[in-house]
Amino acid sequence: MGLQETECIMRPSVLFVVYLVINFIALEGFLQGQASDDTSHVDHAISRFLSQSPAYNTGCTANPNVCRLRGSTGLNCCRNACVSIYSHGQNCGRCGHKCKHQEACCGGVCVDLFHNKNHCGRCYNGCKKEDTCPYGMCNYA
């Protein structure tokens with residue numbers, strides 16, 4: 001058996017060992033999370049790694065200025081999340097104001113993109129004065 005044949009045989013076994021170690025660590029972490037009695041600080045919709053982050057636990061409710069940092073998803077803090085009230089359909093114009101099913105939030109106002117001549121098909125896509133906006137397309141025939 002040459003050196004090349006040995007390397008080929010060892011590679012799958014090394015990968016298998018790495019696979020087992022990773023699964024063992026993941027299982028151990030899962031079991032520790034299940035055994036914990038104090039889960040009042042954990043949001044079950046996120047992973048345990050994010051819930052341990054100090055920035056997540058405080059959120060923007062404790063410090064609204066985090067929404068103004070570079071890379072933030074929006075400048076406004078609504079329900080402990082940074083959002084833009086000018087484009088967020090669940091917080092359009094103000095926190096908690098939801099747009100209807102076929103509406104979108106354009107500049108903080110809920111509009112029907114299928115019929116609004118000033119926002120036809122998308123925000124700020126205005127049709128010509130004489131055109132209509134059926135089905136979100138200017139002057140659809």
Side-chain angles (χ1 to χ4, degrees), residues 2-141:
L3 184 60
Q4 289 178 342
E5 291 177 47
T6 306
E7 287 178 15
C8 292
I9 293 171
M10 291 181 61
R11 285 185 186 155
S13 61
V14 171
L15 292 175
F16 182 71
V17 170
V18 170
Y19 172 78
L20 288 176
V21 169
I22 290 172
N23 282 324
F24 178 76
I25 292 170
L27 180 63
E28 183 182 73
F30 175 78
L31 293 176
Q32 285 178 353
Q34 293 292 326
S36 175
D37 292 333
D38 181 24
T39 58
S40 61
H41 70 284
V42 177
D43 184 352
H44 296 286
I46 61 164
S47 74
R48 65 183 177 92
F49 299 108
L50 289 175
S51 67
Q52 293 172 358
S53 167
Y56 177 81
N57 289 333
T58 57
C60 62
T61 301
N63 186 6
N65 290 330
V66 300
C67 294
R68 302 199 185 283
L69 297 174
R70 180 179 297 173
S72 173
T73 55
L75 298 176
N76 308 94
C77 181
C78 295
R79 298 187 69 201
N80 208 27
C82 296
V83 298
S84 171
I85 61 171
Y86 298 106
S87 61
H88 194 265
Q90 301 295 314
N91 300 289
C92 187
R94 65 181 187 278
C95 291
H97 183 255
K98 297 179 183 179
C99 295
K100 293 179 184 173
H101 176 64
Q102 291 188 353
E103 293 180 331
C105 185
C106 298
V109 178
C110 294
V111 296
D112 183 356
L113 299 179
F114 290 100
H115 299 98
N116 189 312
K117 286 178 61 168
N118 297 321
H119 306 278
C120 189
R122 66 179 189 270
C123 292
Y124 306 107
N125 183 37
C127 296
K128 294 177 184 174
K129 192 173 190 177
E130 65 275 1
D131 288 348
T132 58
C133 179
Y135 307 110
M137 294 179 269
C138 292
N139 209 22
Y140 178 75

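These figures come from a predicted structure and were not determined experimentally.
Counting non-hydrogen atoms of neighbouring residues, nucleotides and ligands closer than 6.0 angstrom, the NZ atom of K117 exceeds 12 such neighbours.
Atoms SG and CG, on C123 and L113 in that order, are 5.5 Å from each other to the nearest 0.5 Å. For the atom pair CG (L69) and CG (L75), the distance works out to 10.5 Å, reported to the nearest 0.5 Å. Expressed to the nearest 0.5 Å, how far CD of Q90 lies from CD1 of I85 amounts to 14.5 Å.
A distance-only check finds a donor-acceptor pair linking the side chain of N125 to the backbone of C120 [under 3.5 Å]. Remark: side-chain polar atoms of H119 are paired, donor with acceptor, to backbone N or O of Y124 under 3.5 angstrom. Using modelled atom types, one side-chain atom of N91 and one backbone atom of G96 make a donor-acceptor pair closer than 3.5 Å.
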Test log, rule disulfide (SG to SG under 2.5 Å), inputs C110 and C92 = CA-CA 7 Å; C110 294; C92 187; 3.7 Å; no
Where do C127 and N139 land on the side-chain contact (heavy atoms from CB on, under 4.5 Å) test, with the steps shown first?
-> CA-CA 8 Å; C127 296; N139 209 22; over 6 Å; no
Go through the steps to decide whether T61 and C77 satisfy the test side-chain contact (heavy atoms from CB on, under 4.5 Å), and finish with yes or no.
-> CA-CA 7 Å; T61 301; C77 181; 4.1 Å; yes
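Sulfur-to-sulfur, C99 and C105 sit at least 2.5 Å apart at their SG atoms. Between C60 and C67, a gap of 2.5 Å or greater is found separating the two SG atoms.
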